[in-house]
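Some notes on the structure that comes next.
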Amino acid sequence: MSVLVYTELADGQFKKSSLEAIFYGSKVAAQVGGSMTVLAIGSASDDELAKAGNFGASKVLHANAQNLASENIMAYSKVLSETAKSLSAKVVISAKSSLADAVMARAAGALKAGLVGNVVELPNTTIGFKVKRSIFTGKAFAETSITSDIKFIAIKKNVLPLEETTNSATVEKLSVDTGSLTESSKVLETIKATGAVSLPEADLVVSGGRGMKGPENWQPLLDLAEALGAATACSKPVSDLDWRPHHEHVGQTGVKVAPNLYIACGISGAIQHLAGVNSSKVIVVINKDPEAPFFKAADYGIVGDVFDVLPKLTAAVKAL
Amino acid sequence: MKILVCISSVPDTTSKISFEENDTKFSKGGIQYIIGPYDDYALARGVELRETLGGTLTVLNVGLADAEPQIRKALAIGADDAVRIDAEPTDSFFVASEIANYAKDKGFDLILMGRETTDYNSGVVHGIVGELLGIPSFSPVMELKLEGNTATLAREIEGGKEKLEANLPLVLGCQEPIAEWKIPNMRGIMSARTKPLAVIAPSSDALTSIDKYELPAPKGACKMISAEDAGSLIKLLQTEAKVL
Ligand SMILES: Cc1cc2nc3c(=O)[nH]c(=O)nc-3n(C[C@H](O)[C@H](O)[C@H](O)COP(=O)(O)OP(=O)(O)OC[C@H]3O[C@@H](n4cnc5c(N)ncnc54)[C@H](O)[C@@H]3O)c2cc1C
Ligand SMILES: Nc1ncnc2c1ncn2[C@@H]1O[C@H](COP(=O)(O)O)[C@@H](O)[C@H]1O
């Protein structure tokens, strides 16, 4: 059973979630007794691509035609489905992301493959092919059988602890018939925060709610995030009020994060907010109201004023 | 303009989730169902476009009869007619192929959906439908403007957004702030009762099935740290929780 892992590159490097997908894919390949191939689309050096070997890959196929340089759902999915076909891949794996969801969906459509997202464990292949996935925005799990010949799965962040070796993978150029990738759309403009830690990928997140009182008060939170090397996030009212950009808002209607550490500053912990953060490994809540519902979902809590607590945390991080 | 809006019927986000029959079935008792929150944005934008450009707006749901109150609500908000494909929607590919089978010979200019359902959160039905119909799909879309046959979209990307242009027909997965949710008025509610709602039998098979459900392990107690001594939290995160 041949396994294909679809990966994403950002600034010429594998995204961390893609390395997790490669590692996961290598375990699946070992389990089903097949080989694993990694597909990388976009620009990256061969040295970077060979790093897939550190996480269990022996071969990387690199598609880097000119019209694949920036995110292109239609073209990427075509490359993925054609590659899966030519390798006779039976299991296609990716990390969940908004781009990967779109690309995997179209490729699964082309291959008539059952697709399951938000997978949280290695598959159970003793009878059939079963995966455990998170449903109801983290409020439950479902063991799901995939019965189609080709199986597509998208995994959540932090499913397996990464183990790194010093093996490297061979990198092969994948020639793509770019003529067949018709331009169905034209990008007019890309607006992207530069230098910031990517929120969906982040291991550490510091997040602020309406308790921060106004956009002018964000500095203490940014200072802690910077000291930790953490990404910043916010609650929905904060982005609705334009205190912070929309892409920072987490929750039911926003980004779903699964970091090792989520620090909530002046956020009450409404159920719609928890829906985006309840997969975090450790949750810290700072709130001046001891009755704030968020404390029930927290591992560590501080009852206090964020403006008093945040500088103390930043100082303690700097003293580490 | 011919618009199709696909809505899911999902438990209200504050619902307490539980299972029955040895954890093989979702307990529907006591659950309040709503139009999927993202699907509501798609519907609102669809109604706005139909109001300004004319044409028709059809709303489609793959679901059992218990989804009909949500379908009627969509009719009350402004859809002209409705279709229900009579099947339990547990598998993304199945839902998508039902939608594609229905839409394939009807000449829709726009197929609007939500970014994702809030029960299974897959975010994939629009992509599969786009592929099955051989037309482009984009998600998550936060802005949609039309001029003639050309759509201008803003799509959320990691850390920002991308503006792009594409020609109709398109399948889009929508999210805020594409439009404001609409609340049905009295006239809408009255007229919704007589608008056509066709029920169609499904024509394809599911490729996945759910064998068993499980609830997460209950969270342990929260360890409290005094505000005066807030700095000590960082040591605990390093040595006890081992996340730093
Ligand atoms: C369909 C739907 C979808 C939604 N989706 C989302 C979503 O995706 N994400 C989301 O976040 N919300 C979402 N919401 C909104 C959600 O219900 C809450 O309204 C929102 O999360 C509250 O934001 P908040 O905690 O920042 O503000 P508040 O509820 O106002 O809480 C502020 C908190 O700050 C504390 N505080 C105030 N001052 C201080 C101080 N000086 N120091 C310490 N603490 C202080 C207060 O005690 C309070 O607990 C959604 C709602 C609906 C209906
Ligand atoms: N049962 C359904 N009936 C109609 N549309 C649906 C159904 N399930 C999902 N959709 C649409 O597809 C979008 C993406 O769903 P999903 O891929 O399941 O997260 C939803 O926001 C809906 O617009």
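All chains are named by letter (A, B, ...) in the order of the sequence lines, taking the proteins before the strands, and each is independently numbered beginning at 1. Note: hydrogens, waters and symmetry copies are ignored here, and every other heavy atom, side chains too, is used.
Salt bridge absent: A:D299 and B:K223 never bring a charged side-chain N and a carboxylate O closer than 4.0 Å. Ion pair A:K192/B:E162 not flagged as a salt bridge, since none of the NZ, NE, NH1 or NH2 atoms sits closer than 4.0 Å to an Asp/Glu carboxylate oxygen. Between A:K112 and B:E131 there is no salt bridge, since no side-chain nitrogen of the basic residue lies less than 4.0 Å from a carboxylate oxygen of the acidic one. Ion pairing between A:E189 and B:K161 fails under the 4.0 Å rule for side-chain N and carboxylate O.
Side-chain contact between A:K186 and B:L164: absent, with no pair of heavy atoms (C-beta onward) separated by less than 4.5 Å. Counting only heavy atoms from C-beta outward, the side chains of B:E165 and A:S185 never approach each other to under 4.5 Å.
In plain terms, the two heavy atoms of A:G301 and B:C222 that are nearest each other are N-SG, 3.5 Å.
For chain A, the nearby parts of B:Y213 are the backbone and the side chain; heavy atoms of each come within less than 4.5 Å. Residue B:L153 does not touch chain A at all, counting heavy-atom pairs closer than 4.5 Å. When heavy atoms are compared at a cutoff of 4.5 Å, B:K219 approaches chain A solely by way of its side chain, counted from C-beta outward. Proximity to chain A is limited to the side chain of B:T152, based on heavy atoms less than 4.5 angstrom apart. There is no contact between B:F94 and chain A, counting heavy-atom distances below 4.5 Å. Contact of A:E248 with chain B is not made at all, since no heavy-atom distance falls under 4.5 Å. For a residue to count as touching a neighbouring chain, one of its non-hydrogen atoms must lie under 4.5 Å from one of that chain's; by this rule B:D119 touches chain A with backbone and side chain alike. Of the atoms belonging to B:L132, it is side-chain heavy atoms, and not backbone ones, that fall under 4.5 Å from chain A. Only the side chain of A:V116 comes within contact range of chain B, with at least one heavy atom under 4.5 Å from a heavy atom of that chain. At a 4.5 Å heavy-atom cutoff, the contact between B:P216 and chain A is made by backbone and side-chain atoms alike. When heavy atoms are compared at a cutoff of 4.5 Å, B:A206 approaches chain A solely by way of its backbone atoms N, CA, C and O. Contacts of B:Q175 with chain A are made by side-chain atoms alone, with heavy-atom separations under 4.5 Å and no backbone atom involved.
Of all the listed residues (B:R155, B:R115, B:M142), the one sharing the greatest number of non-hydrogen pairs under 4.5 Å with chain A is B:R155. Interface summary for chain B: among A:L99, A:D101, A:V131, the most heavy-atom pairs under 4.5 angstrom belong to A:D101. Interface summary for chain A: among B:V125, B:V124, B:T117, the most heavy-atom pairs under 4.5 angstrom belong to B:V124. Residue with the most contacts toward chain B among A:R133, A:K256, A:K296, A:K281: A:R133 (heavy-atom pairs, distance under 4.5 Å). With chain B as the partner, the residue from A:A275, A:A298, A:A315 showing the most heavy-atom pairs under 4.5 Å is A:A298.
Of residues 135-149 of chain A, those residues lying under 4.5 Å from chain B by any heavy-atom pair are A:I135, A:F136, A:T137, A:G138, A:K139, A:A140, A:F141, A:A142, A:E143, A:T144, A:S145, A:I146, A:T147, A:S148. Of all residues spanning residues 230-242 of chain B, those with a heavy atom less than 4.5 Å away from chain A's heavy atoms are B:A230, B:G231, B:L233, B:I234, B:K235, B:L236, B:L237, B:Q238, B:E240, B:A241, arranged by number.
For B:R45, the side-chain hydrogen bond (donor to acceptor under 3.5 Å, both in side chains) partners at least two apart in sequence or on another chain are B:E48. Scanning for salt bridge (charged side-chain N to carboxylate O under 4.0 Å, His left out) contacts around A:K312 gives A:D308, with sequence neighbours left out.
Using a 3.5 Å distance cut-off with no hydrogens or angles, the side chains of A:H247 and B:E158 do not pair a donor with an acceptor.
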